[in-house]
Amino acid sequence: MRRIMAGLIVLALGAAGGWLLVGGDGGGPGDDGRAPTWRTRVQLQASIEGYDVAATADSVVVRIGRSVVGLDRRTGQQRWSYKAKDGDVGDFYADVAVAGNVVAVSGRKKGEGLWLDVLDTASGRKLWSHKAKSGEVTVLQDAVYTADCARDCVVSKRDLRTGEDRWTLNEPPATQVMPPDLGARIGKTEARALQARPSGAYVLLARGDGRKAGDRFTVLDAGTGRRLTGVRNTGWTGILTPRSLVVGEPVDEREEDPACRYSLRAHGIRDGKPQWRGEVSTHFSKRDDKSGCSGLLTTGDHALGIPPDALIATTADGRPQAFDLAAGKPRWAAQRRGVPIDAGPRVVLVRDTRESGPIRALDPATGRELWQAPDPEELTADTAVAGDSVLIRYRGGNGGRTAVLNAADGRQRWTSQSGSGNLAGAGDDWFAMVPSRSDQEGPHDILFYELSR
């Protein structure tokens with residue numbers, strides 16, 4: 001690895017031999033970066049820090065606090081806007097999920113309980129609504145699942161466009177449908193925050209929070225709602241793979257285990273029979289660089305992994321590893337210490353710690369280091385694995401920009417325009433940015449980039 005420092009310019013030679021050029025504001029000398037495919041202005045109705053963006057084949061959806069805006073993907077022209085009900089519990093954000101050609105917006109309103117509005121992405125027209133005194137909403141790519149829990153819970157799988165029930169179950173109190181827990185990134189506030197989670201042949205129900213003996217994980221056939229198997233819910237992690245229900249919990253719940261060990265147990269998805277036991281470590285869940293960890297598999301709501309059955313974790317001595325959830329054993333462990341921060345089918349991204357160090361790319365099949373990019377110098381690095389590209393947002397005096405790298409060798413393809421700001425969303429063939437501002441109120445710009453352009 002070779003580095004040359006010249007003022008604010010960092011020139012790094014990746015492991016595969018590709019040069020990566022990144023300046024203090026994210027670009028090279030005399031290079032102002034690529035202009036966006038389009039730039040449009042949206043009105044912010046309240047003082048909210050942060051935007052989330054998702055895109056479909058013909059639309060772009062922007063969440064701004066409790067508001068949602070629909071834009072034309074080709075031109076950026078605003079088509080519609082929606083504002084969630086005033087007085088929502090949890091003042092700042094409505095829950096938004098984009099699935100197919102619908103946008104599901106949900107929240108809770110004091111005295112009225114749970115509400116859900118499902119909109120058409122192209123027109124913003126309300127397709128159907130749902131209300132319940134209490135409960136949960138889970139949106140996957142092929143359906144909306146509701147759990148209405150005034151007393152017992154009525155769990156329903158609903159058609160995305162019509163809301164029509166495909167099947168309904170009566171379940172004990174405190175039951176909800178869990179999204180697939182093997183995701184592309186730790187946490188909720190990430191580049192794919194608005195994209196509905198993938199669907200599969202099975203659905204996982206979680207009853208309770210693990211405090212009672214009767215709390216359980218139950219696997220359902222997604223097509224019919226038929227109960228297949230169930231195991232004890234300890235209140236921690238449940239992961240569905242095509243063959244197994246994997247349940248995890250920390251070895252030491254006192255948050256004092258310096259190795260952050262996490263115990264995993266797999267059961268047959270149809271018969272519940274024990275398949276294997278294993279253990280990983282979760283150094284990426286540390287609160288800081290000191291010994292001890294938070295006791296969680298992740299810091300968010302899903303595990304970092306590559307579907308269908310590769311869990312990305314760490315070894316006891318702090319090296320990134322891929323754990324095979326089908327076989328119950330490690331596939332590989334990296335040679336150097338580090339914590340995983342992002343993953344995709346073509347690459348696994350790691351840093352020295354969650355809050356420091358350059359971005360290193362590992363081969364997801366072998367764990368071999370492929371290339372290295374300079375440190376973004378951010379406590380939480382904005383990254384995304386987007387198809388055959390890797391996006392890394394670099395800060396700078398002009399508001400930062402995003403570097404678009406080739407996932408295979410780290411070669412820089414291009415950078416976004418100087419002053420592009422924060423990475424607000426990404427998909428396999430696009431990403432969006434919002435320029436940073438000291439004043440959060442008033443109109444803000446959305447910069448949309450097509451990766452294939």
Side-chain angles (χ1 to χ4, degrees), residues 178-186 197-198 200-206 210 215-222 228-253 257-285 293-298 300-335 337-340 343-345 348 350 362-368:
M178 303 294 291
D181 269 332
L182 203 58
R185 174 85 185 255
I186 295 173
R197 304 291 295 280
Y202 308 105
V203 172
L204 185 62
L205 283 185
D215 291 348
R216 294 181 67 76
F217 287 122
T218 301
V219 180
L220 306 178
D221 182 297
L228 300 177
T229 191
V231 300
R232 173 89 164 85
N233 174 9
T234 61
W236 296 91
T237 302
I239 300 173
L240 282 182
T241 75
R243 295 177 50 199
S244 308
L245 167 58
V246 181
V247 177
E249 59 184 319
V251 172
D252 183 352
E253 296 185 16
D257 180 7
C260 299
R261 294 169 299 160
Y262 212 84
S263 172
L264 300 172
R265 292 177 290 116
H267 304 265
I269 208 161
R270 288 188 169 271
D271 57 19
K273 292 182 179 179
Q275 293 180 328
W276 53 260
R277 289 192 176 192
E279 187 177 281
V280 297
S281 288
T282 58
H283 285 269
F284 46 82
S285 72
C293 54
S294 68
L296 296 174
L297 181 63
T298 72
D301 67 343
H302 57 273
L304 180 64
I306 303 173
D309 50 23
L311 177 68
I312 306 300
T314 59
T315 61
D317 61 357
R319 291 175 295 130
Q321 73 160 318
F323 190 89
D324 189 328
L325 294 177
K329 59 184 180 181
R331 291 181 180 174
W332 53 259
Q335 294 183 345
R337 290 174 61 90
V339 296
V348 175
V350 302
L362 308 182
D363 184 328
T366 66
R368 179 176 62 90

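Sequence positions, counted from 1, serve as the residue numbers for this chain. Worth saying up front: this structure is predicted, and the values here are computed from it rather than measured.
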What heavy-atom pair brings Gly305 and Pro307 nearest, and what distance separates the two atoms? O-CD, 3.8 Å
Thr314 side chain vs Ser281 backbone, donor-acceptor pair below 3.5 Å: yes
For a 4.5 angstrom cut-off between non-hydrogen side-chain atoms, does Ile269 reach Tyr202? yes
Separation between CD1 of Ile239 and CE of Met178, rounded to the nearest 0.5 Å: 10.5 Å
Out of curiosity, Trp332 CH2 to Thr315 OG1, how far, rounded to the nearest 0.5 Å? 10.5 Å
Whether Ser244 side chain and Val246 backbone form a donor-acceptor pair below 3.5 Å: no
Distance-minimising heavy-atom pair for Ala334 and Leu362: CB-CD1, 4.0 Å
Which atom of Arg243 lies closest to which atom of Gln275, heavy atoms considered: O-NE2, 3.8 Å
For Arg270, give me all partners under salt bridge (charged side-chain N to carboxylate O under 4.0 Å, His left out), at least two apart in sequence or on another chain. none
Please tell me if the side chains of Val339 and Val350 come closer than 4.5 Å, counting only heavy atoms from C-beta onward. no
Within the distance-only criterion (no hydrogens, no angle test), does the side chain of Arg319 pair as donor or acceptor with the backbone N or O of Arg337 below 3.5 angstrom? no
Closest non-hydrogen contact found for Asn233 with Ala206 is ND2-CB, 4.3 Å
With the side chain counted from C-beta on, respond yes when Val203 and Val219 share a heavy-atom pair under 4.5 Å apart, and no when they do not. no
Rounded distance [0.5 Å steps], CG in Leu264 versus OG1 in Thr237: 8.0 Å
Without swapping roles, check the side chain of Asp363 against the backbone of Gly367 for a donor-acceptor pair under 3.5 Å. no
Quick check for you: to the nearest 0.5 Å, what is the distance between His267 atom NE2 and Lys273 atom NZ? 13.5 Å
Rounded distance [0.5 Å steps], CG in Leu304 versus OG1 in Thr282: 12.0 Å
Which heavy-atom pair separates Pro258 from His283 by the least distance, and what is that distance? O-CE1, 3.5 Å
Could you tell me whether the side chain of Ile306 reaches within less than 4.5 Å of the side chain of Pro364, counting heavy atoms only? yes
The salt bridge (charged side-chain N to carboxylate O under 4.0 Å, His left out) partners of Asp309 (sequence neighbours excluded) come to Arg331
In the structure I gave you, are the side-chain heavy atoms of Phe217 and Leu245 within less than 4.5 Å of one another anywhere? yes
Between atom CD of Glu249 and atom CZ of Arg232, what is the distance when rounded to the nearest 0.5 Å? 9.0 Å
Tell me the closest heavy-atom pair linking Pro320 and Pro340, and the distance in Å. CB-CG, 4.4 Å
Once the angle between the rings of Trp276 and Phe323 is folded into 0 to 90°, is it parallel (under 30°), tilted (30 to 60°) or perpendicular (over 60°)? tilted
